[in-house]
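Reading through the structure tokens given below for one structure.
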Amino acid sequence: MSDSLSSALLVWYDQSARVLPWRSDPTPYHIWVSEMMLQQTQVDTVLPYYQRFMSLFPDVFSLASAPQADVLRAWEGLGYYSRARNLHRAAQKVVAEYSGQLPQDLAQLRQLPGIGRYTAGAIASIAFDQPEPALDGNIRRIFARLLNARHPLGTPASDAELWDAARKHLPARRAGDFNQALMDLGASICLPKAPNCPACPLRDFCQAFALGAQKELPVKKAKKPVPEYIVTAAVIAVEGRVLIQQRPQGGLLGGMWEFPGGKLEPSDAGLEDCLQREIREELGLDIQVGAGFGVYKHAYTHFRITLHAFCCALLPGETLDLSAYPQARWVIPPELAAYAMGKVDRQIANRLLKTTPSTPN
DNA sequence: TACTCGTGGCT
DNA sequence: TAGCCAAGAGT
């Protein structure tokens, strides 16, 4: 049943909804892909990726049958690459078990890789018009303010309170629009730091606004400090080719390609020593380290790195047995574009396209 | 529960 | 400028 809060919100949404490609043609596949891309990622960042992804993989069958390498390459730059691997696996499961039709049942949706509580609710409500809440960061913030809820976000008490509130206020009709309206409101008016309360259609329902406490909410847990690591990477060139390797599935940048190297350890005498050790450990090769090939600073979510890249050569007599290291590959620089990489390694690859690495000696 | 997992834009 | 933040999921 529609309460006055949801009615006021839907009136606002009918006037203010953002025009988005997945809203213009809200098939289950479109909603699903968009929701995967939008996890922890803002709409403006997603838009060009969504358009390109749909041109490459217009339906669940083309996605399911594509090589993982193509999916990761299409995802490069969006981050959180487990989303791409999970979406790809889920597409194969939907084809194999559901004849290519995304299930409507909430429990069945949650069985698909990459679909958790939020995304299942979003797909069920937006694509299938089911009365399900979908609690994301925006909606958590909005309900925390509406209720003057003081439990820190992410705690069980907060989750229970906010999911209950979202379900309680869900209208019987247009649940998908209700959820999307809250997300639009969170992205445009009920902002984290500077909420524009005078423009808010829910102002009269908001306890935080009544108390003047909107900027104190939501309460967040304290964050841990982020460590900084010194990292090295080797551009090993032999006869015009450079060595890259694929990272293992599952961890950071899983399935992506990189220039081999690793973290500076306390036992390393220096950057050169670190790089020689890493290449010996990872590939069984002894290398000569030459000139620098750039210093790259990068911030991940939970740590920061300063990466020192070097031009390197194999010591005389060294060869790489590719059958023993199937994750490694020798490629000419123009081919690097076909290999999905994280931001730092892509910067190195792009520099290689412009500059031939110098040969040690 | 707490931690991992990317990147770009903003202040 | 260095943090903060974003349509979370998996372990």
Side-chain angles (χ1 to χ4, degrees), chain A residues 17-18 20 22-23 26 30-50 72 75-87 89-90 109-123 125-127 133-142 152-159 162-163 166 176-188 190-195 218 220-228 247-256 258 296-305 340-347:
Chain A
R18 289 176 285 184
L20 300 171
W22 48 89
R23 289 180 178 172
H30 290 166
I31 298 302
W32 177 23
V33 172
S34 72
E35 288 299 338
M36 292 299 295
M37 288 187 169
L38 287 162
Q39 290 170 10
Q40 296 291 283
T41 309
Q42 299 191 74
V43 166
D44 287 344
T45 302
V46 163
L47 283 171
Y49 284 90
Y50 176 83
L72 285 177
W75 207 274
E76 181 183 309
L78 261 186
Y80 287 140
Y81 299 97
S82 65
R83 295 182 296 172
R85 299 193 306 272
N86 284 335
L87 175 60
R89 282 198 297 140
L109 284 171
R110 288 207 58 176
Q111 292 302 309
L112 294 170
I115 297 183
R117 189 177 183 183
Y118 161 78
T119 304
I123 294 172
S125 63
I126 299 170
L135 206 65
D136 75 324
N138 285 309
I139 303 183
R140 281 189 170 84
R141 180 173 64 255
I142 292 169
L153 289 191
T155 60
S158 172
D159 265 0
L162 299 179
W163 276 96
D177 284 349
F178 176 78
N179 289 332
Q180 293 182 92
L182 286 172
M183 292 186 260
D184 277 18
L185 187 71
S188 61
C190 196
L191 298 166
K193 291 189 174 180
K220 310 199 78 171
K221 290 188 288 189
K223 290 182 179 176
K224 301 173 64 174
V226 296
E228 177 156 8
R247 297 175 61 90
Q249 307 277 329
L252 182 75
L253 299 168
M256 309 285 280
E258 66 175 4
Y296 307 84
K297 286 184 169 293
H298 188 63
Y300 297 94
T301 305
H302 290 283
F303 62 95
R304 292 179 300 189
I305 65 166
M341 296 178 170
K343 186 185 172 186
V344 173
D345 287 278
R346 180 58 66 199
Q347 288 179 288

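Labels below follow one simple rule: chain letters A, B, ... track the order of the sequence lines, proteins then strands, and each chain is numbered from 1.
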At a heavy-atom distance below 4.0 Å, which nucleotide of DNA chain C is the first touched by chain A, and which is the last? dG3(C) to dG10(C)
How would you list, by chain and number, every residue that makes a ring pair (Phe, Tyr, Trp, His ring centres under 6.0 Å) with H298(A), sequence neighbours excluded? Y300(A)
Taking any heavy-atom pair under 4.0 Å as a contact, classify W75(A): base, sugar-phosphate, or nothing. nothing
So which protein N/O to nucleotides 9-11 of chain B N/O distances come out below 3.5 Å?
none

Would you please name every residue forming a side chain to side chain donor-acceptor pair (under 3.5 Å) with K221(A), sequence neighbours left out? none
Sequence neighbours excluded, which residues qualify as salt bridge (Lys or Arg N to Asp or Glu O under 4.0 Å) partners of R89(A)? none
Q42(A): what forms a side chain to side chain donor-acceptor pair (under 3.5 Å) with it, not counting sequence neighbours? none
Hits for side chain to side chain contact (heavy atoms under 4.5 Å, CB included) against Q111(A), two or more places apart or cross-chain, chain-then-number order -> K93(A)
Go through the structure and list residues passing salt bridge (Lys or Arg N to Asp or Glu O under 4.0 Å) with R18(A), not counting sequence neighbours. D184(A)
Apply salt bridge (Lys or Arg N to Asp or Glu O under 4.0 Å) to E258(A) and list each qualifying residue two or more places apart in sequence or on a separate chain. R247(A)
Contacts to DNA chain B from residues 32-41 of chain A, heavy-atom cutoff under 4.0 Å, which residues? Q40(A), T41(A)
Sequence neighbours left out, what passes salt bridge (Lys or Arg N to Asp or Glu O under 4.0 Å) with R117(A)? Give chain and number order. none
Residue list, side chain to side chain donor-acceptor pair (under 3.5 Å) with T119(A), at least two apart or on another chain: Q39(A)
